[in-house]
Amino acid sequence: MKTIEINIPNKEYKVHINNGLLYDIDKYIDVNREIVIITDDFIPKEYLEILKTKIAIPLIFEVPMGESSKSIDIAYSIINEMIKENISRGALIIALGGGVIGDLTGFIASVYMRGIDYIQIPTTLLSQIDSSVGGKVGINSEAMKNSIGAFYQPKVVLIDPKTLNTLSEKEFNNGMAEMIKYGLIADKSLFYDILEKDVKENIDYYISKCVEIKRNVVVNDEFDTGIRQLLNFGHTIGHAIEQDSKYGLLHGEAVSIGMSLMSLNTTYQKDLVKTLNKYSLPLNYKYDLEIIYNFIKTDKKVNNNKLNIIVVEEVGNGLIKTIDLEDIKKYLR
Ligand code: GLY
């Protein structure tokens with residue numbers, strides 16, 4: 001087992017990574033608390049069944065799989081139901097699923113009775129290495145992804161790498177895009193491992209490597225005003241493309257295209273193309289420049305017609321660069 005401490009001042013929590021951890025949930029949380037589980041209708045039913053053997057009759061919400069569940073309507077209906085069921089401020093909500101479930105659950109926890117405890121049990125690679133750590137929670141408005149939300153840290157993150165065994169190849173590769181990002185912005189040897197080795201064979205090690213990189217960033221910049229922005233490499237264009245595709249592209253796939261556009265004419269471009277190909281991640285997408293630009297204009301990171309973009313000039317070393325908003329077009333081709 002590996003435990004990583006996320007030492008955000010006054011909000012410290014642990015990330016436990018352990019195969020078979022789901023079976024031992026009672027070792028990590030007080031199962032006698034009032035518990036609500038939010039999950040989706042796609043994750044293997046056995047995960048819920050395993051939890052049910054240790055947690056007495058929790059209130060369970062099962063939302064449709066996919067980005068459309070990060071909606072105000074779904075958040076409101078769950079909150080309403082929790083109120084009707086007299087769920088108190090002392091309750092704990094468990095997010096059991098991927099990034100959508102983590103973001104939605106964290107958001108509900110952040111506003112329910114002005115904030116209650118929640119924990120993350122991420123079951124996809126993307127959520128295990130990225131979205132379950134760092135407390136970015138939220139839902140989408142019609143016009144913009146993640147535009148309604150908060151920074152609200154979980155009480156603990158419980159990662160059972162065995163849950164990846166039931167993940168489709170496409171979903172696994174979706175998470176690999178974020179792992180590639182970590183390599184590019186912070187860890188050259190991670191990047192070349194991803195290119196040259198069989199990451200799946202040693203996935204526990206790579207999950208913990210990514211969580212450590214994320215920890216190093218978020219403990220120094222919880223609220224995303226500085227160094228945390230490095231995690232956005234490929235994401236400004238990626239988010240725009242993801243929205244343009246009406247979420248037909250998975251997040252990691254859109255980020256893959258974003259990273260590839262941000263890396264044109266760099267020394268490592270060829271290696272990045274090889275790596276993205278290895279994980280069947282897309283390199284390009286047919287888009288209308290003005291439509292993508294209009295999405296970027298509404299990005300949360302735009303301030304006074306300026307935009308912070310992340311550039312990687314050499315592998316392992318991401319940099320934050322402030323540009324005029326209009327100049328993002330140089331990367332759109
Ligand atoms: N996924 C980017 C962040 O947590 O800041």
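FYI, side chains are in, hydrogens and waters are out, and symmetry mates aren't considered; it's all heavy atoms of this structure. Order of appearance sets the numbers: ligands from 1, and atoms from 1 within every ligand.
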Q: May I ask you to check if K200 and F172 form a cation-pi contact, with NZ or CZ under 6.0 angstrom from the six-membered ring centre and within 45° of the axis?
A: yes
Q: Give the numbers and elements of all ligand 1 atoms closer than 4.0 Å to a heavy atom of D130.
A: 1 (N)
Q: Does this structure show an ion pair linking K11 with E222, if we count only N-O contacts that are shorter than 4.0 Å?
A: yes
Q: Between R228 and ligand 1, does any nitrogen or oxygen pair lie at a separation below 3.5 Å?
A: yes
Q: Less than 4.0 Å between a side-chain N and a carboxylate O, is that true for E290 and K329?
A: yes
Q: Is it true that K145 and E67 have a side-chain N and a carboxylate O under 4.0 angstrom from each other?
A: yes
Q: Using a plain distance cutoff, I'd like to know if D224 has any nitrogen or oxygen under 3.5 Å from a nitrogen or oxygen of ligand 1.
A: no
Q: Show the atoms of ligand 1 that are less than 4.0 angstrom away from any heavy atom in L231.
A: 2 (C), 3 (C), 5 (O)
Q: Could you see if V111 belongs to whatever hydrophobic cluster contains I94? Use Ile, Leu, Val, Met, Phe, Trp, Tyr and a side-chain cutoff under 4.5 Å.
A: no
Q: Taking 4.0 Å as the limit for heavy-atom contacts, which would you say applies to V217 with ligand 1: side chain only, backbone only, both, or neither?
A: neither
Q: I want to know if ligand 1 touches N232 in the polar sense, i.e. an N/O pair below 3.5 angstrom.
A: no
Q: Between ligand 1 and K214, can you find any atom pair, the residue atom being a heavy atom, that is separated by under 4.0 Å?
A: yes
Q: Look up atom CE in M179 and atom CD1 in I129, then write down how far apart they are to the nearest 0.5 Å.
A: 4.5 Å
